[in-house]
Amino acid sequence: MTGDATPELVQLLTPEGERVEHPDYDIDLTPEEVKSLYRDLVLVRRIDLEAVALQRQGELGIWASLLGQEAAQIGSGRALTDADMAFPTYREHGVAWCRDVDPVKLLGLFRGVNHGGWDPAEHNFHLYTIVIGSQTLHAVGYAMGIQRDDANAATIAYFGDGATSQGDVNESFIWASVFNAPIVFFCQNNQWAISEPLEKQTRIPLYRRASGFGFPGIRVDGNDVFACLAVTRKALSDARSGQGPTLIEAFTYRMGAHTTTDDPTRYRVASELEAWKLKDPIERVKAYLFKNEHADQDFFDSVEAEADKLGADVRKRCIEMPDPSPLDMYEHVYRDPHLLIDEERATYAAYLEGFER
Ligand SMILES: Cc1ncc(C[n+]2csc(CCOP(=O)(O)OP(=O)(O)O)c2C)c(N)n1
Ligand SMILES: [Mg+2]
């Protein structure tokens with residue numbers, strides 16, 4: 001076996017594209033299903049690349065790249081059923097893709113022209129959450145709700161390694177545990193919380209934290225889309241069948257900057273990135289498809305062409321998004337009319353009127 005699976009890490013596909021068996025987590029994927037996962041991985045990487053370029057050209061205020069985390073997001077995202085509900089951070093563009101959220105709507109948030117851009121109920125995908133860890137509490141509350149509705153559904157909450165140090169995340173673990181809530185905590189351990197390395201968050205592997213709260217924790221190779229899919233499927237199915245929460249630690253790496261405002265060369269060494277490049281989540285699926293003759297060059301070329309088309313379309317529609325009126329910011333503060341807001345709106349409208357048109 002050439003992979004780096006350890007007793008602590010579930011891996012089903014090595015970085016070289018070799019399939020490995022696992023006694024608890026196996027998965028039977030048809031060539032068509034693997035090709036579909038490959039397509040997802042390539043397309044979300046392209047959306048991300050295009051978004052970084054758009055930010056660099058001044059078309060977005062900021063962007064949080066998912067580069068390197070595609071397998072964790074596509075694997076877990078494709079494990080969800082339509083009835084399940086996902087609570088993302090600000091980096092879950094791959095999960096958004098799996099929930100059929102138009103990528104341009106994600107870009108609108110970072111362009112500052114919408115307040116989130118999609119209807120969480122329509123996609124069962126909550127709005128992006130910037131306040132680190134807070135969405136885990138919302139997710140547990142939602143999970144307790146569907147538990148009381150007796151729904152055949154589960155909730156998944158995404159968060160990072162840094163978020164595990166937040167009070168909110170620890171409180172959500174306790175609530176989920178004692179109420180046996182149908183939730184999967186999906187931690188993408190990308191080794192960094194901006195410039196803070198993992199060793200400043202924990203002395204033990206993160207997945208082991210779960211045992212202190214009274215539910216199972218598991219570490220999966222976060223760059224292995226097969227393993228992420230298998231492990232998340234099992235955890236979601238456990239949640240749906242009344243077996244309570246699971247913590248999944250997807251062991252991965254943030255290959256880009258924290259966001260476009262960050263310069264990681266100031267705090268991490270280049271060799272670290274080089275080592276992780278060899279574990280690229282897309283390359284191993286490509287190697288697997290090639291080796292097993294499930295796909296030929298025509299297939300890879302067609303996915304590449306589709307990515308080019310998608311990239312161009314996302315770019316075009318992003319730039320075309322109209323700027324909202326400055327007065328729109330008063331529109332969604334309260335559901336009902338509010339005296340103070342009315343007054344502020346009128347004052348600001350008068351101020352705007354003072355400018356030459
Ligand atoms: C409550 C809170 N504190 C601090 C911040 C600033 N902040 C934004 S991202 C981030 C690091 C998060 O790291 P991690 O949870 O590992 O997620 P990653 O960005 O690596 O995906 C911090 C501290 C914030 N957004 N919210
Ligand atoms: Mg992190």
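Worth saying up front: this structure is predicted, and the values here are computed from it rather than measured. What you see below is based on every heavy atom in this structure, not just the backbone, and it leaves out hydrogens, waters and symmetry mates. Order of appearance sets the numbers: ligands from 1, and atoms from 1 within every ligand.
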- Message: At a threshold of 2.8 Å, where the distance has to be below it, does the Mg ion (ligand 2) have an N, O or S atom of Trp192 nearby?
- Response: yes

- Answer key: the N, O or S atom of Asp161 nearest to the Mg ion (ligand 2) is OD1

- Query: What residue and atom, counting heavy atoms only, is the protein's closest point to atom 21 (O) of ligand 1, and at what distance?
  - Reply: Arg91 NE, 3.0 Å

- Message: Taking 4.0 Å as the limit for heavy-atom contacts, which would you say applies to Arg254 with ligand 1: side chain only, backbone only, both, or neither?
- Response: neither

- So, the side chain of Arg56 versus the backbone of Thr260: is there a donor-acceptor pair under 3.5 Å, distance only? yes

- Task: Determine, for Tyr253 and Lys279, whether the Lys NZ or Arg CZ falls below 6.0 Å from the six-membered ring centre while staying within 45 degrees of the axis.
- Result: no

- Item | Asp82 atom CG: more than 12 heavy-atom contacts under 6.0 Å | no

- Side chains of Tyr158 and Gln73: do they bring a donor and an acceptor to under 3.5 Å? no

- Item | Of Phe173, Trp175, Tyr207, the residue whose pairing with Phe185 passes ring pair (Phe, Tyr, Trp, His ring centres under 6.0 Å) | Phe173

- Query: At what distance is the nearest protein heavy atom to atom 14 (P) of ligand 1, and which residue and atom is it?
  - Reply: Gly162 N, 3.5 Å

- Item | Residue, atom name and distance, where the atom is the protein heavy atom closest to atom 3 (N) of ligand 1 | Ile132 CG1, 4.2 Å

- Using 2.8 Å as a strict upper limit, say whether an N, O or S atom of Gln191 approaches the Mg ion (ligand 2) that closely. no

- Query: For ligand 1, which part of Trp192 has a heavy atom less than 4.0 Å away: the side chain, the backbone, both, or neither?
  - Reply: backbone

- Query: What do we get for Glu196 next to ligand 1 when only non-hydrogen atoms under 4.0 Å count, side chain, backbone, both or neither?
  - Reply: neither

- Task: Give yes if a backbone or side-chain nitrogen or oxygen of Gln69 is under 3.5 Å from a nitrogen or oxygen of ligand 1, and no if not.
- Result: no

- Task: Enumerate the atoms of ligand 1 whose separation from the nearest heavy atom of Asn190 is less than 4.0 angstrom.
- Result: 18 (P), 20 (O), 21 (O)

- Task: Would you check whether Gln166 reaches within less than 4.0 Å of ligand 1, judged by its heavy atoms?
- Result: yes

- Message: Angle between ring planes, His115 versus His332, binned at 30° and 60°: parallel, tilted or perpendicular?
- Response: perpendicular

- Residue, atom and distance of the protein heavy atom nearest atom 25 (N) of ligand 1 read Ile130 O, 2.9 Å

- Mode of Tyr90 contact toward ligand 1 - side chain, backbone, both, neither (heavy atoms, under 4.0 Å): side chain

- Message: For His338 together with Tyr330, are the ring centres under 6.0 Å from each other?
- Response: no

- Query: Which residue supplies the protein heavy atom nearest to atom 22 (C) of ligand 1, what is that atom called, and how far is it?
  - Reply: Ile194 CD1, 3.7 Å

- Item | Structural part of Asp161 in contact with ligand 1, heavy atom criterion under 4.0 angstrom | both

- Note on the structure: among protein heavy atoms, the one nearest atom 15 (O) of ligand 1 is Ala163 N, 2.9 Å

- Message: Does Arg148 have more than 12 heavy atoms from other residues, nucleotides or ligands lying within 6.0 Å of its CZ?
- Response: yes

- Task: Flag the pair Trp118 / Tyr128 as yes when their ring centroid distance falls below 6.0 Å, and as no otherwise.
- Result: yes

- Phe290/Phe300 aromatic ring centres below 6.0 Å: yes

- Query: Crowded around Glu293 CD? As in, over 12 foreign heavy atoms under 6.0 Å?
  - Reply: no

